[in-house]
Amino acid sequence: RLPGVGHADVGGFVGDPSSNLTKKKSAAPPPTKRLVIKAFKAKPKLPENFEQKTTAKLKDAVTAVHEKRPVNCSLEELYQAVEDLCLHKLAPDLYAVLQELCEKQISARLESLEGLPLDPVSFLNKMEDCWSDHSEQMLTIRSIFLYLDRTYVLQSVNVRSLWDMGLVIFREHFLRHKQVESTTTAGILQLIEKERLGEGVDRTLLKNLLRMFTALGLYVESFEKQFLNETAEFYATESSRLLQEVDVPSYFKHAEDRLQEESDRCNFYLDASTRKQLVLTVEKQLIQEHASMQLDRGFAALMDENRLTDLARLYSLLDRVDMLDQLRSSLVAYVKVTGAAIVMDEEKDKEMVQGLLSMKAKVDHILQKAFQNNETFTSSLKEAFEHFINQRQNRPAELIAKYVDAMMRSGNKTASDEELESLLDRLLVLFRYIQGKDVFEAFYKKDLAKRLLLSKSASIDLEKSMIMKLKAECGSQFTNKLEGMFKDIDLSQDIMVQFRQSPQFQDRLPPNMELNVSVLTTGYWPTYTPMEVRLPEELTTCQDLFKEFYISKHNGRRLMWQSSLGHCVMRVQFPKGLKELHVSLFQCVVLMLFNDAESLTYREIEESTGIEGTELQRTMLSLACGKPNCRILLKSPKSKEIAADDVFTFNSTFSDKSFRIKVNSIQMKETVEENQQTNERVFQDRQYQIDAAIVRIMKTRKSLSHNLLITELFQQLKFAVKPQDLKKRIESLIDREYLERDQKNSHVYNYLA
């Protein structure tokens with residue numbers, strides 16, 4: 001709203017503003033003033049003795065500062081005096097006067113320190129006071145001469161600032177007074193040594209003096225070189241002493257503590273530039289110089305005692321000095337020695353696999369927790385395990401297969417499904433290390449067959465899981481026969497369902513008899529030696545009925561009964577009650593003889609059953625000389641050996657509390673003959689593989705020297721083999737006219753198409 005404009009209330013009106021404005025005459029402008037600057041009629045002159053008086057005043061002020069007494073003039077007055085001198089171009093003279101005053105003061109102070117009969121700490125305190133006074137005095141002087149510092153110094157070349165001028169003067173006189181310099185350096189080094197020996201020292205004093213060295217540019221020349229040399233000597237002496245006094249873990253703990261102490265020393269009072277060289281010096285004297293000897297002296301004990309903290313410290317310290325290769329070599333050597341002791345101890349074969357599993361778990365735990373899962377260490381450990389586990393050919397592979405067999409039979413009675421799966425994975429790691437995988441396959445296949453046929457497997461799902469793991473590890477060719485065995489079991493169950501649903505066969509079975517038959521494909525299952533046995537009429541009838549049924553369904557096929565794998569569940573009426581016995585087929589045949597006789601001689605039993613002598617002796621021992629709760633027969637005379645005239649009698653006093661009694665464990669136990677046969681089959685299969693590899697190589701190369709052929713065979717064959725064995729196979733192929741020796745060079749072989 002413009003000034004003078006009326007304002008009506010609501011319901012009124014606002015008039016025309018232009019009608020209420022009055023015109024004012026504009027005011028006249030003020031008269032213009034001009035400023036004229038005229039030169040002095042005469043050049044101004046400085047007062048008499050201006051320079052001398054002003055300089056004297058400033059000198060008195062500087063002297064008062066140096067003598068730590070009050071200044072007569074105010075700082076503002078002194079600052080103005082400096083400015084006046086500078087404005088009248090007297091700055092160079094003033095700078096020279098100030099420099100001279102500072103030089104006299106510094107020289108006098110340092111001279112006063114020379115030759116003082118003081119202990120190191122007292123002398124260092126005096127030196128610190130000297131430096132502290134100098135620093136404070138130079139700051140005060142600079143505040144007085146600030147105008148000089150900001151004008152003349154900045155505008156002039158090769159003229160130092162007042163602070164730098166003070167530092168240069170102090171440095172020159174400090175170096176000139178050799179005794180002061182050497183005493184100061186020696187005192188600092190002596191205090192540091194005392195601190196290293198555990199005594200308390202004034203760290204602030206050390207910090208201030210070392211900062212003085214740094215400010216003067218003398219830190220490296222006057223202190224650091226000597227400090228590093230004495231550090232090397234100190235720790236060389238200390239390490240030699242500790243090697244005689246403490247064990248390996250304590251030594252490396254001390255080394256770690258010392259490195260931390262030196263790091264703290266750098267943080268508090270040493271210059272940052274010293275850290276790298278100081279740490280390198282300590283590392284060299286405490287770690288690098290003695291690492292190899294300490295590893296030889298105490299690494300095995302650390303591993304045996306599973307000292308994770310000490311091992312992690314060892315790894316960290318050796319990593320600092322780039323000596324992890326030595327640690328890795330010690331670890332590999334330890335694993336080889338420890339593993340070989342487990343593998344080569346024939347008396348503890350039963351504990352071998354568990355020992356290897358425990359050792360592998362322990363080493364893996366150490367690798368993870370102490371050695372940071374170092375990839376190089378992991379690779380070297382793999383080679384170490386492969387080295388020692390194959391020092392004893394074939395046996396570790398056999399025992400791993402037997403361990404799996406025992407685990408599959410016990411199943412989740414001793415562990416949960418997750419724990420069993422984890423155990424299978426750990427066993428598979430051991431399996432990877434063995435070269436004789438065909439040995440493992442042979443024994444695993446034999447044991448799997450018994451588990452399936454005798455219904456001893458605790459979990460079919462776990463069995464199939466193991467097959468899948470082996471398939472993923474070795475390929476389908478490795479597990480083809482194993483998978484075929486499961487297929488046979490499944491098909492056999494279907495066949496038995498059909499058999500039981502056929503009235504024309506089921507009705508003809510003897511009363512109170514049930515039959516279960518597993519039909520096996522010859523190529524999938526282990527080779528079993530047929531054993532003759534004269535079956536009772538009831539069992540013969542069952543066999544004939546099933547054979548008739550099967551041939552009617554599968555015309556052209558031939559059935560061959562494997563009596564050694566048969567097992568029976570039979571009920572026996574003892575005077576003290578009915579019992580259900582789980583027995584092998586041979587045990588069943590023997591026991592059924594006692595339906596018609598109270599006692600029989602061994603010779604009579606042998607004639608009646610037709611069982612081979614060794615097998616019959618095992619059977620009779622299991623029935624008459626086994627555990628007390630399994631002695632269905634009584635032997636006379638009592639002994640562990642069986643003679644032809646020994647008499648066996650039905651045990652009418654048998655009184656075990658259990659209703660179901662297992663006597664057929666004899667079938668699960670591997671005989672010496674079975675073990676030999678399995679190894680022989682593996683050896684035979686290997687010969688075929690060697691022959692095939694030789695022919696395959698020679699067919700490709702046509703002509704090859706003996707050494708080159710042996711080299712290629714080692715590369716292609718997946719199991720360990722001796723050169724002399726390869727030579728025998730080559731000779732065999734020459735005899736069979738697959739190869740011939742070259743007529744000009746007998747060390748060269750030619751392929752015959």
Side-chain angles (χ1 to χ4, degrees), residues 35-113 126-177 180 208 211-212 214-218:
L35 180 64
V36 180
I37 300 174
K38 296 181 180 180
F40 288 113
K41 294 179 180 179
K43 186 176 180 182
K45 293 182 179 179
L46 287 171
E48 275 188 42
N49 301 323
F50 170 77
E51 181 180 0
Q52 290 80 357
K53 288 181 180 180
T54 306
T55 303
K57 183 194 301 184
L58 292 171
K59 288 172 71 175
D60 289 341
V62 172
T63 303
V65 171
H66 284 156
E67 293 176 357
K68 297 183 180 180
R69 56 183 173 81
V71 181
N72 294 327
C73 304
S74 67
L75 291 178
E76 184 179 358
E77 185 180 345
L78 294 172
Y79 183 90
Q80 188 63 50
V82 173
E83 185 178 355
D84 290 342
L85 288 174
C86 290
L87 290 174
H88 290 88
K89 300 182 180 179
L90 297 174
D93 296 336
L94 180 62
Y95 187 89
V97 169
L98 179 60
Q99 185 173 1
E100 183 181 354
L101 289 172
C102 291
E103 194 158 352
K104 287 181 180 178
Q105 167 66 13
I106 293 169
S107 177
R109 285 297 299 269
L110 291 175
E111 282 179 8
S112 68
L113 296 174
K126 290 285 186 183
M127 187 67 232
E128 183 197 19
D129 292 342
C130 177
W131 170 251
S132 178
D133 290 345
H134 168 76
S135 301
E136 292 176 5
Q137 290 165 6
M138 286 306 300
L139 288 173
T140 304
I141 291 170
R142 184 177 180 274
S143 65
I144 295 173
F145 290 84
L146 187 61
Y147 191 86
L148 176 69
D149 205 30
R150 290 184 173 178
T151 56
Y152 170 70
V153 171
L154 290 177
Q155 295 167 4
S156 304
V157 182
N158 298 328
V159 177
R160 296 183 182 88
S161 68
L162 299 185
W163 177 261
D164 289 345
M165 176 194 72
L167 290 178
V168 170
I169 295 171
F170 200 100
R171 172 191 168 93
E172 289 175 354
H173 286 276
F174 187 72
L175 291 174
R176 196 173 297 164
H177 295 81
V180 175
N208 292 336
R211 284 188 175 180
M212 177 192 78
T214 303
L216 297 176
L218 298 174

Separation of [Y] [atom2] from [X] [atom1] (nearest 0.5 Å):
X	Y	atom1	atom2	value
Leu78	Asn72	CG	CG	9.5 Å
Ile169	Leu216	CD1	CG	12.0 Å
Leu94	Leu85	CG	CG	5.5 Å
Gln105	Asp133	CD	CG	8.5 Å
Trp131	Asn208	CH2	CG	10.5 Å
Cys102	Leu167	SG	CG	11.0 Å

Heavy-atom pair of closest approach, residues [X] and [Y]:
X	Y	value
Met212	Phe170	SD-CE2, 4.3 Å
Leu154	Arg150	CD1-O, 3.1 Å
Ser143	Tyr79	O-CD1, 4.0 Å
Thr54	Ala81	CG2-CB, 3.5 Å
Cys86	Ala91	SG-CB, 4.0 Å

Counting only N and O atoms by type, is there a donor-acceptor contact under 3.5 Å from the side chain of [X] to the main-chain atoms of [Y]?
X	Y	value
Tyr95	Arg160	yes
Thr55	Glu51	yes
Ser132	Glu128	no
Ser107	Lys104	no

side-chain contact (heavy atoms from CB on, under 4.5 Å) partner of Met138, chosen from Arg142, Glu136, His134: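 Exactly one pass, corresponding to His134.
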Taking only residues at least two apart or on different chains, which pairs with a member in residues 52-62 satisfy salt bridge (charged side-chain N to carboxylate O under 4.0 Å, His left out)?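 Passing the test, one end in residues 52-62: Lys57-Glu77.
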Taking the side chain as C-beta and beyond, is there a heavy-atom pair between [X] and [Y] under 4.5 Å?
X	Y	answer
Asp149	Trp163	no
Leu110	Met127	yes
Met165	Leu98	yes
Gln137	Lys68	yes

With sequence neighbours excluded, tell me which residues meet side chain to side chain contact (heavy atoms under 4.5 Å, CB included) with Glu67.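 Residues passing side chain to side chain contact (heavy atoms under 4.5 Å, CB included) with Glu67: Thr63, Arg69.
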Is it the case that more than 12 heavy atoms not belonging to Arg211 sit under 6.0 Å from its CZ atom?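 Count not over threshold, so no.
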Output, in order, the C-alpha distance, side-chain angles, deciding distance and verdict of side-chain contact (heavy atoms from CB on, under 4.5 Å) for Glu111 and His173. CA-CA 9 Å; Glu111 282 179 8; His173 286 276; over 6 Å; no
